[in-house]
Amino acid sequence: GGGGDEKKQAEGEKAATGGDTIKIGFLGAKTGGHAAYGVETLKGIKMAVEDINTAGGLLGKKIEIVEEDHGSKVSEGTTVTQKLITRDKVVAIIGDPTTGITKAAAPIAQQNKVVLLSAGAVGPGVVEIGDYIYRDVLLNSVGAPAVTKYLNEKLGWKKVVVVTSMNNDFSVGLTDLFKEALIENKMEIVGEQSIQDGDQNFAAQVTAIKDKNADGIIFTGYYTEGALFMKEVRKQGLKSVLVGGDGLMSDVFLKMGAEAVEGSMFFCGFAVDETKSSDKTKKFIEAYKAGNNGVQPDYFSVQGYDAVMLIADAIKAANSDDPEKFRVELAKTKNWEGVSGTITFDESREPIKSPVYLLEVKEGKLAVKDTIEVK
Amino acid sequence: MDSIFSMFLNDYYIQVLTMLGIYLIAALGLNLITGVTGQLSFGHAAFLSIGAYTSAIISLKLQLPFVVALLAAGLMTAIWGILLGYPTLRLTGDYLGIATLGFGEIVRVVFLNMKITGGALGLAGIPRSTSLTMVIILVFITILAMFRLENSRFGRSLIAIREDEIAAEAMGINITKTKITAFALGTFFAGVGGGLYAHLIQYLNPQDFGFVKSFDFLAFIVLGGLGSIPGAILGTTVLTLAPEFLRFVADYRMMIYGLLMVFMMIVRPRGLLGGVKLSRLFAKKKVQTTGTSASGGAN
Amino acid sequence: MLSQQILNGITLGATYALIALGYTMVYGIIQLINFAHGEIYMVGAFVGVFMITVFQQGLVVSLAAAMLACVIMGVTIERFAYRPLRRSTRLAPLISAIGLSIFLQTLMTKIKGPQPIPFPHVMEDALYKLGPIEISKVQIIILVVASLLMAGLHFIVKYVKIGKAMRAASEDYDTSALMGINVNRVISFTFAIGSSLAAAGGVLVGLYFNSVSPFMGVTAGLKAFCAAVLGGIGSIPGAMLGGLFIGVAETLGIAGGFDTYKDAIAFTLLIIVLLFRPTGLLGRPIQKKV
Amino acid sequence: MLEINDIHVSYGAIRALKGVSCQVDQGEIVALIGANGAGKTTTLRTISGLIRPYTGTISYKGQDIIKLPPHQIVNLGLSQVPEGRRVFTRMTVLENLEMGAYSRNDKANIKLDIKKVFERFPRLEERKGQLSGTLSGGEQQMLAMGRALMSRPTLLLLDEPSMGLAPMLVQEIFSIIQEINQSGTTILLVEQNAHMALSIANRAYVLETGEVVLSGAAQDLANDPQVQKAYLGE
Amino acid sequence: MSKTILEMDNVTIRFGGLTAVDSVDMKIEEGTIRALIGPNGAGKSTIFNLITGIYPPSSGEIRFRGTLINGYKPHLITELGIARTFQNIRLFSEMTVLDNVKIGRHCRTKAGFLGALLRGPGVKAEERAITEESMEALKILELDHKADELAKNLPYGEQRRLEIARAMASNPKLILLDEPAAGMNPQEKQTLMSMIRKIQDKGLTIFLVEHDMKFVMNLSDRIMVLDYGRKIAAGSPAEIKSNPAVIAAYLGKEVG
Ligand SMILES: Nc1ncnc2c1ncn2[C@@H]1O[C@H](COP(=O)(O)OP(=O)(O)OP(=O)(O)O)[C@@H](O)[C@H]1O
Ligand SMILES: Nc1ncnc2c1ncn2[C@@H]1O[C@H](COP(=O)(O)OP(=O)(O)OP(=O)(O)O)[C@@H](O)[C@H]1O
Ligand SMILES: [Mg+2]
Ligand SMILES: [Mg+2]
């Protein structure tokens, strides 16, 4: 642990003496298989930083983002975390967008007493690593039961097919939660298929579920595979709609899926519907679109944005950029309104986002189908 | 001793160096298999993962001491090395490489589907028992072991197999047994490396041990100079540290890294230290090795 | 159901085969596992998308443009990254290939972003009934184009002298040169053909699966390579057979409930085949003569 | 016809040729003899363009060929039977012969020439479908010779064509060389079997450690006591 | 005469449709030099390959000092006491001359990988002995001054001799030489002949294939002639020289 305090001082030349910026690290992939998530998260982070800095900064200082790529490798993820902490002296790290690398990075942050806030890790066992570890996601354990109940009670679904992306921890975790909820609601799983992130061809899986007569498809993976899967579903002439988690929330889903994803539904912590969104969300979406050729933001960018804002608000509240102090304020976050939804950290520091929105693709756009309150 | 390190080095450097040490151990193992014995292995990362998971599970489920976990990791990996080697080592050249590549991918998929490894969710909460001191000691032990292996009756038979299998067999070398022993020894070190890795990173995910990582190891030893212990060390060091040194070029980092590999290979086709032997480095008399190609060559 | 799945498998296998041919030809001549080949396939797919979206070209022109672009790329890569290593250890160009593959992948990520992009909609999703099975228009196009390309290749290699020159050069550069063979040209030609087929594969896959991404070359490349070896690396019919074999086996594996092990299916088959036929299904057995 | 002037070649640090000059005239048989490692093979490989000398000139029919790639040199009618046979082991006997005719396009004549080769070496006809890697050493040597003839060379370079051949075939090979020569092909012959080589050659050069130490009419050299002692084993 | 060291009984091998060695019977007596001659492709190298276990015979029996060795793996046969050289030189080209010969000692020594790792006194002593004995073998072939050279850098003739030295190092009872004089000039052949005699004097039996008749006739005690896989003659050099069948199939004319 803290054996390196003097050396930290000696090393940190600029960072320690200057003190005119507050450094926040970005941990994520800009290359390799997870690059899409990292790059999107970073976009949101940068927008937030710009908003704060143009509004005069934080505690009179500007926020500076130190971005590092780990190439989607766990081992490099830990190295990057070490670097951000010891070389760059960041007070907080935002990342990693995936649960796996977050779990590898979290013990290091915890040990060095630096706040780590993941803008994407939804899997189990993250915040348990220590009291410096946070996340601002909509927990699947909140979303999945809510949506399942809705499917059963409001839409009258009885039989479903479940599709999981086997090498995606988000998907594997979400499938487990959906299955529990399905049992609870006495719904039947008539078929199960697995895919992998990065797959492009789903002909075999779709053919295999074709004659199952399911009411719908529960798809727990991410947007690219979701869109391509639905393309294949339509190509094979199947009419079912797809239901999934917020991993589907991306412009890619809409663009790549086109007509095929029409009617697809997923849960999400915030509304992107132009009529129902909060002002904050609306503003963010406008700003994001303006900077990205009219593309809609996804789950990673909004949460990246909120991650910075959450930390900034905690620093403001603590009136200090010392992680030991502002993490206490962070833990107290209640009914905090962000662009990705309304967040409360419960006593175990897990984020609770309420209400949960069920979004539906309608005429190529996202619309709020229903709003589900959770406790 | 670790506290001594941390007086001079910050945690970032310690992390990088520890990782380098782990890669060195594994790369030297591969060098024994591919560099010295001439048996292509494209599945080294899978052996690393077997060691990593074995040690992690032993630490987590049985709470045995780290040394035991490490040793078990090495042995378990060697056993798998033998199990794979037995049927496949009669394949020659690239076909063997491909079989090991396939094996590597199968191992990854199996870990992805197993309960005890946590599947795609990975295995977290592994105690951080690996220290730089320990890794340095193990690196030295590995180098010594490799040096002794290579400069012995056993090592000679490995090189003979690499040079000409038929002649080696005609000289009385039991090809199958020798190859498998080399494979087991090489994978043993991969397993130990894997054990150290698990207890450094504290989190394991099958995705991190794909074929791309296997090729990383191959690149380490080929770029360093196949069959050369100092070569393997230099190659591993250069290629492990390069991505860290290249951080200043930010988004062009991996692009430059890729080009660097091509460039270094073209400049030194036999590797950075191709043909350099540890024993010769220390020997008084310098024996000149000559290049194989003519001054001009065709075209 | 079964016949439907077999058709799915054959379509997938046809695309594997197109990529596998490049691997097998390059391997056949310079014994190099050209790991940058998957990336050439990826670039081919992107060029196709580019032609359709930016230049508003039809499928045929776009396909031709992608093939041409990749020919240039493949030949250039050979010239600068592999040729200087021709007489060094066999693993040297392999490392060079890995370096190139990292380079091309990150380059494309930098240019187009890491997100997959949708393949433009160039035709209707029509379905035709063929007895118990349904075949889509895209599937027909893939099967037709792949068959034409493979038949063309077969013709070139079989009836034009270059095929024999390729085999000779693969054994011994110097002696081939003594036969009057321009070895450099033959090797360039091999890369040209292999790259153009990969590009075609890229465009067809984009069309079939509706998306292209900077990472699409990795798995497809690996599977195709596996197909090449399974068929007997160096053998052109072997690559075709291997591609179809893996495509069908994988599809049936998924249909048969081994979907979680999908990626292991190809490799398990491969290892089994190699144990019984150490040089692949159609590979020539290695003759031992002392 | 062929003129080599002061060529120097080195392999890394080893200097293999230190200024070799020689010439071959139209219609001649010229023998190149010398101990192991004298540089005979290196000389032939340099002529064919497989090795670039760092100085010196080589001209063939008045044309400077030193910068030409090997395949173009072959197309000028300059063929070589390389040392150590170098047959294409994974191709059949017949395919090897076809490779020899690679630069030709007259299909009918190629067929005829293949027939001629088979007449000369009946053993090859018996083995024509066999992979040449599994041929016996001597059979491969016959194949290498036959393959070179398939290009209908005007100048043929032979590197130890009698190595590993049975006594009867050695005689046969030398009479074939004479026969080819009589039908208009000029020949540069490298041989360990100096005795036989000198008996059919018009002129000869003796190479020692990369330098020409003796040259002259073959007859004279055969009677030279120094040559007799060193190369003829008498 | 002395006792038989190698015996072939009705040995046949076929490759596809081709019978490369056809019902060959043969006995070699201990301590003699036996030559095997015959036209190219007669099956001489194949007989060597059969004896050393590279191919198993299709039928027939091969006995070495009374032991049936059909189907034994090559390394076991070497251990029993048969060593060989190859028609196409097969040295370990990236290894030094000395290391090449040390490999020859492999089957007479024991240290395994554990020995290598621990390097106990026994292992060190063994290694010293290996070096000594290898140098001995090099001396016989007059290559000791090149011990540290890489094998690939030796001239052709010396490479052939190195192959013999390497074979000698395995302490064989019987040594098979496949065209040992090929590619050598007359002078070198002369020295090689005396070296082979020296080897014979050490009590070894020599079985050689060679196309140089002067070499064969000078050196061998008995000669066997093969044509199309069949034995067509056997006898003393003088008998073979004048055997009309041998002249017709192989020699072309009488050699003197
Ligand atoms: N590829 C090579 N690398 C290094 N040295 C070489 C190479 N080829 C030949 N040499 C050296 O060059 C010299 C001349 O060799 P060359 O093969 O020309 O001799 P040669 O007269 O043909 O001998 P031989 O009768 O054995 O065929 C020798 O000293 C040889 O060791
Ligand atoms: N593995 C094999 N497959 C097919 N044919 C083979 C094989 N090995 C040898 N042969 C054939 O068997 C015959 C005998 O070959 P072998 O090499 O024994 O001849 P040899 O007597 O040693 O001739 P040389 O004097 O030319 O070396 C040859 O005709 C050869 O083509
Ligand atoms: Mg020579
Ligand atoms: Mg022979």
Side-chain angles (χ1 to χ4, degrees), chain A residues 1 3-4 6-8 10-12 30-34 39 67-88 98-108 111-112 123-126 128-129 164-173 176 194 196-197, chain B residues 2-20 22-23 48 52 108-109 111-113 118-128 197-198 200-210 212-213 216 240-241 243-244 246-247 249-255 257-258:
Chain A
E6 315 100 300
K7 154 219 76 189
K8 261 186 207 165
E11 264 279 327
K30 294 204 243 173
T31 55
H34 299 159
V39 169
E67 36 179 294
E68 283 301 354
D69 170 35
H70 59 55
S72 311
K73 296 177 203 138
V74 176
S75 52
E76 248 190 77
T78 60
T79 314
V80 164
T81 310
Q82 276 298 359
K83 174 181 174 290
L84 290 172
I85 294 172
T86 43
R87 282 272 296 266
D88 302 314
T98 65
T99 308
I101 296 183
T102 301
K103 277 188 188 166
I108 300 173
Q111 217 169 34
N112 288 283
V126 173
E128 289 89 327
I129 292 172
T164 314
S165 177
M166 286 312 291
N167 58 350
N168 178 336
D169 46 14
F170 171 92
S171 179
V172 173
D176 286 346
S194 60
Q196 303 228 358
D197 277 13
Chain B
D2 261 18
S3 54
I4 301 179
F5 282 129
S6 62
M7 277 173 66
F8 299 106
L9 298 167
N10 68 33
D11 291 351
Y12 165 56
Y13 291 131
I14 291 179
Q15 176 89 7
V16 171
L17 290 178
T18 315
M19 207 60 224
L20 170 62
I22 293 172
Y23 284 165
L48 207 75
R108 186 180 62 81
V109 173
F111 280 151
L112 208 50
N113 281 291
L121 298 177
L123 199 57
I126 305 161
R128 189 178 167 111
Y197 178 93
L200 174 71
I201 305 288
Q202 299 176 264
Y203 169 78
L204 296 175
N205 189 314
Q207 295 302 91
D208 220 27
F209 300 98
V212 174
K213 187 146 220 147
D216 282 348
T240 312
L241 298 186
E244 293 303 321
L246 285 172
R247 287 209 179 275
V249 293
D251 289 2
Y252 298 92
R253 185 174 72 115
M254 289 316 280
M255 251 186 264
Y257 178 75

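The sequence lines fix the lettering, A, B, ..., with proteins before strands; numbering per chain opens at 1.
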(request) Please look at A:Ile129 and chain B and tell me whether the side chain, the backbone, both or neither of the residue comes under 4.5 angstrom of a heavy atom of that chain. (result) neither
(request) Could you have a look at A:Ser194, A:Ala106, A:Ala105, A:Pro107 and say which one has the most heavy-atom pairs with chain B under 4.5 angstrom? (result) A:Pro107
(message) Checking A:Asp176 now: which residues fulfil side chain to side chain contact (heavy atoms under 4.5 Å, CB included) with it, not counting sequence neighbours?
(response) none
(message) So which residue, B:Glu244, B:Arg253, B:Lys213, ends up with the most heavy-atom pairs under 4.5 Å with chain A?
(response) B:Arg253
(request) Check for a donor-acceptor pair, side chain of A:Ser72 on one end and backbone N or O of A:Thr31 on the other, with a separation under 3.5 Å. (result) yes
(message) Can you tell me how the ring of B:Tyr197 sits relative to the ring of B:Phe209, calling it parallel under 30°, perpendicular over 60° and tilted otherwise?
(response) perpendicular
(message) So for B:Phe111, is it side chain, backbone, both, or neither that comes closer than 4.5 Å to the heavy atoms of chain A?
(response) neither
(message) Under a 3.5 Å threshold, yes or no: a donor from one side chain and an acceptor from the other, between B:Asp11 and A:Thr86?
(response) no
(request) Against chain B, label A:Lys30 side chain, backbone, both or neither, depending on which of its atoms sit under 4.5 Å from a heavy atom there. (result) side chain
(request) Please list, chain by chain and in numerical order, all residues satisfying ring-ring contact (aromatic ring centres under 6.0 Å, His included) with B:Tyr203, sequence neighbours excluded. (result) none
(request) Output the option from B:Gln207, B:Arg247, B:Met19 having the highest count of non-hydrogen pairs under 4.5 Å with chain A. (result) B:Arg247
